[in-house]
2 protein chains.
Amino acid sequence: MTAQVFAFGDGVAEGHGLGKELLGGKGAGLAEMTALGLPVPPGFTIATSACAAYKAAGDRLPDALRAEVRAALANLERTTGRRFGDPQHPLLVSVRSGARVSMPGMMDSVLNLGLTPSVAAGLAVATGNPRFAWDSTRRFIAMYADVVLGLRAESETEPDPFEAMLVAKKRARGVTEDAELSADDLANLARAFDIEVRRRTGAGVPEDPYEQLEAAIGAVFASWDTPRAKTYRQLYGYPADWGTAATVQAMVFGNLGDDSATGVVFTRDPVTGEKCLFGEFLVNAQGEDVVAGTRTPRPIAELEAVLPLAFAELVATAERLEGHFRDLQDLEFTIQRGQLYLLQTRNGKRSARAMLKVAVDLVREGRISRDEALLRVEPGKLEELLHPGIDPSAVRQPIARGLPASPGAAIGRVVFTASEAEAEAARGERVILVRVETSPEDIHGMKAAAGILTSRGGMTSHAAVVARGMGRPCVVAASGLGIDARAGTITAPGGVIVRRGDLITLDGGNGDVLLGELPLIPARQDQDFDELMRWVDGARRLRVRTNADTPADARTARAFGAEGIGLCRTEHMFFAPERLLAVRQMILAPDAAGRRAALAQILPMQREDFAGIFRAMDGLPVTVRLLDPPLHEFLPRTDADLAEVARALDLPPAKLARRNQELHEANPMLGHRGCRLAVSYPEIYETQVQALAEAAREVAAAGVRVLPEIMIPIVGLEEELARLRVLVETTFRAHAPDVPFSVGTMIELPRACLIAGRLARHADFFSFGTNDLTQTTFGISRDDAAAFLPTYLAGGLLRDDPFAVLDEDGVGALMRLAVEQGRAARPGLKLGLCGEHGGEPRSVAFCDALGLDYVSCSPFRVPIARAAAAQAALRSARGGNP
Amino acid sequence: MTAQVFAFGDGVAEGHGLGKELLGGKGAGLAEMTALGLPVPPGFTIATSACAAYKAAGDRLPDALRAEVRAALANLERTTGRRFGDPQHPLLVSVRSGARVSMPGMMDSVLNLGLTPSVAAGLAVATGNPRFAWDSTRRFIAMYADVVLGLRAESETEPDPFEAMLVAKKRARGVTEDAELSADDLANLARAFDIEVRRRTGAGVPEDPYEQLEAAIGAVFASWDTPRAKTYRQLYGYPADWGTAATVQAMVFGNLGDDSATGVVFTRDPVTGEKCLFGEFLVNAQGEDVVAGTRTPRPIAELEAVLPLAFAELVATAERLEGHFRDLQDLEFTIQRGQLYLLQTRNGKRSARAMLKVAVDLVREGRISRDEALLRVEPGKLEELLHPGIDPSAVRQPIARGLPASPGAAIGRVVFTASEAEAEAARGERVILVRVETSPEDIHGMKAAAGILTSRGGMTSHAAVVARGMGRPCVVAASGLGIDARAGTITAPGGVIVRRGDLITLDGGNGDVLLGELPLIPARQDQDFDELMRWVDGARRLRVRTNADTPADARTARAFGAEGIGLCRTEHMFFAPERLLAVRQMILAPDAAGRRAALAQILPMQREDFAGIFRAMDGLPVTVRLLDPPLHEFLPRTDADLAEVARALDLPPAKLARRNQELHEANPMLGHRGCRLAVSYPEIYETQVQALAEAAREVAAAGVRVLPEIMIPIVGLEEELARLRVLVETTFRAHAPDVPFSVGTMIELPRACLIAGRLARHADFFSFGTNDLTQTTFGISRDDAAAFLPTYLAGGLLRDDPFAVLDEDGVGALMRLAVEQGRAARPGLKLGLCGEHGGEPRSVAFCDALGLDYVSCSPFRVPIARAAAAQAALRSARGGNP
């Protein structure tokens, strides 16, 4: 068995250089600071690997590990000249958890461990400070009871039982501050705490300090598997087998008097990124007081006046640590009788704005290279800078939470239909469109709304995809909400009822639904943003296009750096209310002539749409996907709709109703859609290609450089593509003989991947439609996944929602097959991805590794994809995993 | 360029041994007979490869080919001592098509080619038989006009124009037989035909015999692509690039007088298989008269009295040919002035019964080996022997045609609901259940019905699968039918209206729907059948199981040779009306306790079902699939249903209606089903496994050998299988500690194939569920495919319905991946297939080649699968393609 316990102290750290994977973030930081010669109280770290050993041994410390801990403790006694449980020279320690990443939900720490009644009495004598001794004791009992014994408030609304006793004591003494309580008061409190523990558990806090220590270490390991920790891991995709380390460290005391203090500092402002010490401290206190909020901490700058020497040392140390770690550090410190001690250092969490500014500033300061700066950016956070957000200082009381489908904050009055949304917006009202789920017919309402809220669907549901495309904040699958559009009410899980016209706020960044109007902070892309994105573009290989269906979206995306359109969905052109009637005539017409007549009505409008998009994308490629969705999405839904179409077609409504019924499908995702429609009704694609060709010719004549790429969806058979390619080529050439164009296919069915070599014979390009490919590979409908995917994610059956993060093992394996076969059959084959995964950083990295030429994503995700592509290129140049 | 024209005559055939692939069936047969020294008129065959060359040259004979034809013709002139277009010694030829398989829809033949007005006149003099000369001429003009010039009746109800003129002539002469017309009458008719051709085409039949010949050869090649020929190819999966050969052969004349004749014989009875010459002939006639039906041919036995010498030679030749080809032959012959000539020999088409008897008899006669007999059987036809069929001599007037979903003929009165079917059947009435489509709730009605007819669905729709399982004749997707259950009417495409209670007949073997009651012939499996199936079982490697959900089905399948159950679908146990209420309570219960209570009600019934199946399968493995279909299939459909469940659960109906609505899915095939349900509600599988274990223990205690294999459906993730395997094992062991069992998974999602290596860690067996795997691989819902698959098949985009014949390129590629990965991870992994493909011969051959252990199919297909497995084993032993 290899060593699992690593000591540190006096400038020597056994674990130095072993890394966070083994020591956890806290242990590694302490080892590093010790090796730097910084003032760190001595101690030892039990490695993360021991966490699994503890569980495997049946939730106890294995004998070998216990022996190591005892030996390390004996060593610590030698180093400090103090002894565990010795009333004269007591050794007190803290026990703290620390995984390789900082993770809420795990046990934080037990301080003052080693205190027993006799040690406390001895400590009072030894320090000449009985108040300190009893203050430490009552703190220890309360913390031990909480984190080791699990004695806490029975509900979130009740106060902590020990906190309640402290408050009662202060009320009885007529004081408000802890510091105003006397040593006797605190001794009484410690006794009362002890009695309460005995009352509740039958036994008290153990009087054997070794027993205390081992129980606390066990509690650290057990806390790795609390529900909250599990949920957090699942949310971030951290594996369960990482485990947490436990660090045992000699106590230093910030509560020894007015020459003692404790606090937390950031080496730069974590909100703005400004270079200045940022943080808080408390005099005569222990660490938990800063966090607990019972006392109001003071700004760090004031420490200079209180303890000038310690402050100067803190400033110098912060500078040194930042220089060493070359990143913004988040430090915990304690000042014991004027002497500074460091208890933790880690890379500080920061806002998107600070992330950007710190990275760029560190490059300017010459501390890191541009590549390092790029690798430190979290691409997903960039989108925060493109949308207004809720002021971080605002108090939040969400009434429900859903999936954060499209980021940004939105405020508006509740409406329940697309037409309401449009009407209210036309009156200048900001509205939130609230639906069980949205359909293509709602698009005009979604456009009019400030934000969208649904109770169903997933991260790639209609609402989510469209909202992201438009840059509208959107929360989906807020499944606790009862939406009753007829009554005009939303019933929230807690029973709150929101009515039509009430103001609500959506946070599309975390899925919160909030009552009323919360304060917002504006979107900002500053010089730092522009500079970083220039570096990004210099570093990446993968090109980034956008999914855009309108000239406005295309312009937005181009401003965000899109290098073309990877997916222009033509069906959205068919849903505009004034066109829908013609589309319905087309579908329900009894023959090809009827369909052609109806299509002819839409042709000029489509041509105008295409022309606008070509102009917006002058000089850049535009991939247009021919009609894709199931016909029935366009079908009349109400009797009035039906009657209108019947009039237009001059057919009896009953006959039309029958045809409408016939077109109904049991599983429309797997039905008569995409190229299958074009095989049945070639005139649909003919008309689309004609509109496209005419637009291209017209715009090219006006001097715009048009690069159309025509894409055929839902191909599963070589013959489908072979035939439709001929149809597309013939039609395009007939209407725009001089405009060059290419023809390709969407790869979105498993079978298309399996026969990719043969498809490549007829395709100039492949574009992976990973939304549909994920659906068919998993056999999971994204519209219905909300019924069980949350259970899968919460239960750890899936690490990520496969509609959000590309599934490399399944979908990715099919893509790899298709790339290999496709390129083998046609070496110059252009390869892209245009599913929602195109804007997700890990998926983008996968696409880079796969050798795709581009990814395409919604406009507001373009910067994310660019940054992710740059990181992928840098990592693969460094030989890291893709 | 290699030779494409092969001469035969006078005992020498250039093409002898080159095979049907090159010469076509007709050409190869003529070459073989020539080489045997049989009396075959000389001629030459233009190879099948020329068909593509003809098309490639723009529907004309390429120059090189034309030169070859001219040379062959010159050679034929030398051999026969006659010359093309020579009025004194005219050479007349026939031109006939012949692909490698006999195929209706192509041009059959043009006889008497080389006739021109001057040749006809010369022929009259040379033969001293002007009647013969003009009879031949009028035949030639009519045939040439029909097959080369395309002059025929404008609709099927009109008579052929030339036939009409012939009839008019006979009427004018007051005679009824062609033979009663005089030479002058025939000369006049020939002239009238010629004028009619000129009138219709502007030009007449060419007077240049070479021009006639080349046009006729071109017509043969063009006829390869008539719509009927294409449809036929698509139906049988023959590729378009095979092409047809064309044979040009010197004419011999059966119309030279009463010492001349023509006819067709089979060497054995093609209906019963009895060994006796079977066929027909006509004196003084040409071949087409036998087929056309204008004259009534005489039984072949009567030829002995008419032309005894020729008859004796025919009998001896038939014997010799059968001996040579070692199979039942179908011969065409002509007797010219007492001399027998053979014009064709081929393996004769035969009924299923004859197929079997001939194969077994030939073995008994020592002509072929058992292996050869097995390879000659068409496995798909065996099923005909298991069901009654419509008497082949009955006159059929189908009112509609659908897909032949489950074979056999059924007669009954039309009913429109399952309950009607049950009620009428209880009264002793035979009924046909007619539905737009069926659902699991209809099963009791399907069981009660003699046959099932639907207007929607495909070969693997619910109706098709269930009907095949039950052995009920079934026709699905009779899409021209308007079914109005409320009005109680079916409107057929031609306008015929069938009402509730009317008698109809279904032919599940070809998809016909017929009005009234047609005569049936009974099912018969005789000694020949049993003998052949014994040979089959000796030859095959692949095991054959059955898909059976009830003890009765299990017994039927066992009688047909099933070696276990490969798929027992437990959901069918949930649909019985008395159980459905409990199932609905289970689904709609607000919590696990409610679900358990509802499940407890069904448990004893399930246990009884399982016990019955175990008893029926004593000593054989039984694979039980845990609950699979989407929950909503079980949901209440009517308000009355809802009210009933609400009462049983003691919940307000409105609340239940809301939950019911919530459970509705947009794409149920891709929804909350199979193991996903068990992840959400583990108690469902727990109860099923408990029932299974209790049944196994009870039955084992009674001395039955039970071999349960528990199968988990819709697995796409390793974790799903890992967890549910534990649940299944724990539960089973708790209730039947001493019964051995195994646990495996259905492989029915692309992702399952892609991660098969990891799934194999947790599976004792894999069973490929190719119905669902085909759906997801293609992204085609089998319930909705009827809207476009027929267009795909008719248009040649697909050769086969992938739900009927396993798609080797796509689905098969995924299966291969899974087999390789699965076996690599777990060498002893048992592999099977339980989709509908398990009873389709080509798919069975694929499974054999893939190395699966077994296929499982519906009971009535078990003999088919056994025979197909034997053939696959024999072919692969011979190194043939799998």
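What you see is a predicted model; the values in this text were computed from it and never measured. In what follows, chains carry the letters A, B, and so on, assigned in the order in which the sequence lines appear, proteins first and then strands, with residues in each chain numbered from 1.
When each of B:S781, B:G810, B:G482 is scored by its heavy-atom pairs under 4.5 Å with chain A, the top score falls to B:S781. Per-residue counts of heavy-atom pairs under 4.5 Å with chain B were compared for A:R751, A:R723, A:E720; the largest is that of A:R751. For the set A:A813, A:A787, A:C753, the count of heavy-atom pairs under 4.5 angstrom toward chain B peaks at A:A787. Heavy-atom pairs under 4.5 Å with chain B peak, among A:L663, A:L817, A:N667, at A:N667. Of the residues considered (A:T777, A:L749, A:L754), A:T777 shows the highest number of contacts with chain B, using heavy-atom pairs under 4.5 Å. Of the listed residues (A:L814, A:T791, A:V811), the greatest number of heavy-atom pairs within a distance under 4.5 Å of chain B belongs to A:L814. Highest contact tally toward chain B, considering only A:R456, A:E718, A:E665, is held by A:E665 [criterion: heavy-atom pairs under 4.5 Å].
In this structure, the side chain of B:T454 does not engage the main chain of B:R435 through any donor-acceptor pair within 3.5 Å.
Only the side chain of B:I755 comes within contact range of chain A, with at least one heavy atom under 4.5 Å from a heavy atom of that chain. Residue B:L717 touches chain A through its side chain alone, counting heavy-atom pairs closer than 4.5 Å. B:R673 does not touch chain A: none of its heavy atoms, backbone or side chain, sits under 4.5 Å away. When heavy atoms are compared at a cutoff of 4.5 Å, B:D772 does not approach chain A at all. Heavy-atom distances place no part of B:A785 under 4.5 Å from chain A, backbone and side chain included.
Residues of residues 676-684 of chain A placed with any heavy atom under 4.5 Å of a heavy atom in chain B are listed by number as A:R676, A:V679, A:S680.
Listed by chain and residue number, nothing satisfies the ring pair (Phe, Tyr, Trp, His ring centres under 6.0 Å) test with A:Y685 (two or more places apart in sequence, or in another chain). For A:A722, the side-chain contact (heavy atoms from CB on, under 4.5 Å) partners at least two apart in sequence or on another chain are A:E719, A:H762. Every residue meeting the side-chain contact (heavy atoms from CB on, under 4.5 Å) condition with B:A825, not counting sequence neighbours, appears here in chain and number order: B:A760.
Put simply, SG on A:C675 and CG on A:L727 are 11.5 Å apart, with the number rounded to the nearest 0.5 Å.
Across all non-hydrogen atoms, the minimal contact from B:G779 to A:T776 is CA-CG2, 4.1 Å.
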